[in-house]
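Written below as structure tokens is the structure these notes are about.
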Amino acid sequence: MKYFSCAVCHKQVFFANTECMNCHTALGYIASEKEMGCFEKHSATLWLALNAKQRGQRYKPCYNYQHHQVCNWVVPADSDEIYCESCQLTHVIPNLDDPDNIVYWARLESAKRRFLYLMQQLNIMPRPKRSDEDRLGLRFNFLMPTVDHPVMTGHANGVITLNASEADVIYRETTRIKMGENYRTLLGHFRHESGHYYFDLIKHLRPELIDDFRLYFGDERLNYKDALKRHYDDGAPLNWADNYVSSYASTHPWEDWAETWAHYLHMMDTLETAYYAGLMVKTDIDNLNNLELVENPIGAQDFDLLLDNWMTLTFNLNALNRSMGLDDAYPFTLSNVVLDKLRFIHHKMLYLIFNPPDTTKTLA
């Protein structure tokens, strides 16, 4: 993610902030500008922008900020919409009569906004699903399970359902250990489930890419229910790391794609953050490249150079964590087969992104 600064005091501000921690100016993300805005509050629903580019323009905070303080995006004041571009995608939320659910909902929305930021950068920001039959839109359902109604996190027909209990740190960490998953986060859930959504989108908009997809990930027409049962009964193959980014990716081509897609998004977000931080690594280790990001990795064509930078960055991230007595920040080893899948996503599947389809098939 890029770095943002306050237009008033010029100190660094962060994507999740609602005010500058230095001068206390009101902040809000202007999605249309991909920028954190600084605002003078004239009323609860009228904020004037202070940024040079948007100075004097009128905005209103998202309804979910005004009433629940769970959002920090803004909407043009003259818009008929009361919800921001992120909150428009949320279709069902937990029952807010339970105060814990407000906390969980806020954490889910925060992770969703971080996910959507990268989708904006990649030019594939989803739009709200207009009806149950809408094949191109997306909606999110955040549901709390009950004894009688368990909730499974997953995707189906443009609807991503998340078990809101995942926003409970103790529940998520317990599940992570039980499932043997090195990396289980709210942001990771959004990125994984979005892989299923974008696969359906690509299959609809670019069906000619599916044959190539099957060369790398396998035939997605294999019975998914049988594959899932086999995975949970027998576990992953002993040599799964030779061919997959995670053990769960070995379940079925759909899950291989979603896990690899999520990993690609992790890489791009982290590399972009390193780029905006001006991070440089100089080393004389023979098998480790120097790191000097000279261009934003988003949209970069030389993916092999990105991979070299990624290997250097994660080696040092892990080394820093170990110096603090912590587990590795990046507990993965990527085989050549997995690297080829990532390369395929960058060069082929993102054709949908860098070469938009016919206007009759766009997301608009």
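Reckoned from all heavy atoms, side chains included, excluding hydrogens, waters and symmetry mates.
- Residues Leu209 and Ile202 form a side-chain contact, since some pair of their non-hydrogen atoms from C-beta on lies under 4.5 Å apart.
- Using a 4.0 Å cut-off between charged nitrogen and carboxylate oxygen, Asp269 and Arg114 count as a salt-bridge pair.
- Using a 3.5 Å distance cut-off with no hydrogens or angles, the side chains of Lys112 and Thr90 do pair a donor with an acceptor.
- For the residue pair His24/Glu19, the side-chain donor-acceptor check at 3.5 Å is satisfied.
- Salt bridge annotation for Lys53-Glu35: absent, with no cationic side-chain nitrogen under 4.0 angstrom from a carboxylate oxygen.
- Cluster membership for Ile177 and Val169, using ILVMFWY side-chain heavy atoms within less than 4.5 angstrom, is not shared.
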message = side chain to side chain contact (heavy atoms under 4.5 Å, CB included) for Asp256 and Lys341? Distances and angles first, verdict last.
response = CA-CA 10 Å; Asp256 189 12; Lys341 292 175 183 179; 2.6 Å; yes
inquiry  = Between Lys129 and Asp134, does the salt bridge (charged side-chain N to carboxylate O under 4.0 Å, His left out) criterion hold? Intermediate values first, please.
reply    = CA-CA 6 Å; Lys129 191 176 177 70; Asp134 180 4; 5.7 Å; no
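- Nearest heavy-atom pair across Cys38 and Ala7 is SG-N, 3.1 Å.
- His91 places none of its side-chain heavy atoms less than 4.5 Å from the side chain of Val159.
- Under the 4.5 Å side-chain contact rule for hydrophobic residues, Leu96 and Tyr104 do not share a cluster.
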request  = Kindly determine whether Asp226 and Lys229 satisfy salt bridge (charged side-chain N to carboxylate O under 4.0 Å, His left out), including the steps that lead there.
outcome  = CA-CA 5 Å; Asp226 290 347; Lys229 183 178 185 304; over 6 Å; no
ask   = Does the pair Arg135 and Asp200 meet the rule for a salt bridge (charged side-chain N to carboxylate O under 4.0 Å, His left out), with working shown?
value = CA-CA 9 Å; Arg135 300 182 64 179; Asp200 285 354; over 6 Å; no
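- Here the two rings, on Tyr248 and Trp240, have centers that are 6.0 Å apart or farther.
- When the side chains of ILVMFWY residues are joined at heavy-atom separations under 4.5 Å, either directly or via intervening members, Ile298 and Ile345 end up in a single hydrophobic cluster.
- We find that Arg322 and Asp327 are not joined by a salt bridge, their nearest charged nitrogen and carboxylate oxygen being 4.0 Å or further apart.
- No more than 12 heavy atoms of other residues, nucleotides or ligands sit less than 6.0 Å from atom CG of Asn336.
- Between the side chains of Asn72 and Tyr29, no donor-acceptor pair of N or O atoms lies under 3.5 Å.
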ask   = What's the verdict on salt bridge (charged side-chain N to carboxylate O under 4.0 Å, His left out) for Arg206 and Glu208, showing C-alpha distance, side-chain angles and the deciding distance?
value = CA-CA 5 Å; Arg206 282 287 185 265; Glu208 69 275 12; 3.5 Å; yes
task = Decide yes or no on side chain to side chain contact (heavy atoms under 4.5 Å, CB included) for Leu27 and Phe4, but give the supporting numbers first.
result = CA-CA 11 Å; Leu27 301 174; Phe4 302 102; over 6 Å; no
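- Thr175 is not listed as a side-chain neighbour of Arg172, based on a closest heavy-atom distance of 4.5 Å or more.
- Between Phe199 and Phe213, the distance from one ring center to the other falls under 6.0 angstrom.
- For Ser165 and Asn163, the side-chain atoms include at least one donor-acceptor pair closer than 3.5 Å.
- When only modelled atom types and interatomic distance are considered, His347 and Gln301 share no side-chain donor-acceptor pair under 3.5 Å.
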request  = Take Leu116 and Trp73 through the side chain to side chain contact (heavy atoms under 4.5 Å, CB included) test and state the conclusion after the steps.
outcome  = CA-CA 12 Å; Leu116 291 174; Trp73 288 21; 4.3 Å; yes
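- Between Glu173 and Lys178 no salt bridge is recorded (no basic side-chain N to carboxylate O distance below 4.0 Å).
- Here the side chains of Thr25 and Leu50 are in contact, with some heavy-atom distance below 4.5 Å.
- The environment of CD1 in Ile170 is sparse: at most 12 heavy-atom neighbours from other residues, nucleotides or ligands sit within 6.0 Å.
- Side-chain contact check for Glu85 versus Gln120: every heavy-atom pair is 4.5 Å or farther apart.
- Of all the heavy atoms in Ala111 and Leu186, the pair that sits closest is CB-CB, 3.7 Å.
- Considering only heavy atoms from C-beta on, Thr260 stays 4.5 Å or farther from Tyr264 through its side chain.
- More than 12 heavy atoms of other shown residues, nucleotides or ligands fall within 6.0 angstrom of atom NZ in Lys34.
- More than 12 heavy-atom neighbours from other residues, nucleotides or ligands sit within 6.0 angstrom of CZ on Arg343.
- The ring-ring contact (aromatic ring centres under 6.0 Å, His included) test with Trp261 is passed by exactly one of Tyr198, Phe115, Trp254: Tyr198.
- For the pair Pro126 and Met119, the tightest heavy-atom approach, listed with the atom from each and the gap, is CD-CB, 4.2 Å.
- Considering only heavy atoms from C-beta on, Asn17 comes within 4.5 Å of Phe14 through its side chain.
- A donor atom on one side chain and an acceptor atom on the other are not found under 3.5 Å apart for Tyr59 and Gln54.
- Other residues, nucleotides and ligands contribute more than 12 heavy atoms inside 6.0 Å of the CG atom of Leu215.
- Note on Arg230 versus Asp233: no salt bridge recorded, every NZ/NE/NH1/NH2 to OD/OE distance being 4.0 Å or above.
- Of the N and O atoms on the side chains of Ser246 and Glu259, at least one donor lies less than 3.5 Å from an acceptor on the other residue.
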task = Mind running ring pair (Phe, Tyr, Trp, His ring centres under 6.0 Å) on Trp47 and Tyr65 for me, showing each step along the way?
result = CA-CA 13 Å; Trp47 294 8; Tyr65 171 83; 5.7 Å; yes
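- In this structure, Glu272 and Pro297 approach most closely via the heavy-atom pair N-CG, 3.5 Å.
- The minimum heavy-atom distance linking Asn321 with Ala329 is given by the pair ND2-N, 3.5 Å.
- The shortest side-chain heavy-atom distance between Arg127 and Leu136 falls under the 4.5 Å cut-off.
- Counted within 6.0 Å of CG on Asn157, heavy atoms from surrounding residues, nucleotides or ligands total 12 or fewer; the atom is thus considered open.
- Under the 30°/60° scheme for interplanar angles, the aromatic rings of His263 and His266 are found to stand perpendicular.
- Side-chain contact, Tyr216 with Trp257: no donor N or O sits under 3.5 Å from an acceptor N or O.
- Taken to the nearest 0.5 Å, the CD atom of Gln88 stands 11.0 Å off from the CG atom of Asn64.
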task = Show the numbers, then the answer: is there a side chain to side chain donor-acceptor pair (under 3.5 Å) between His231 and Glu255?
result = CA-CA 11 Å; His231 175 78; Glu255 300 304 343; over 6 Å; no
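- A distance of 6.0 Å or more separates the ring centres of Tyr276 and Tyr3.
- Residue His252 comes nearest to Glu220 through the heavy atom pair CE1-O, 3.3 Å, listed as atom of the first residue, atom of the second, then distance.
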message = Would Phe142 and Glu109 count as a side chain to side chain contact (heavy atoms under 4.5 Å, CB included) here? Give the steps.
response = CA-CA 10 Å; Phe142 302 143; Glu109 292 290 354; 3.5 Å; yes
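- Using a 4.5 Å cut-off between side-chain heavy atoms of Ile, Leu, Val, Met, Phe, Trp and Tyr, with links allowed through other members, Tyr232 and Leu222 fall into different hydrophobic clusters.
- In this structure, Leu143 is not a member of the same hydrophobic cluster as Trp105, with clusters built from ILVMFWY side-chain heavy atoms closer than 4.5 Å.
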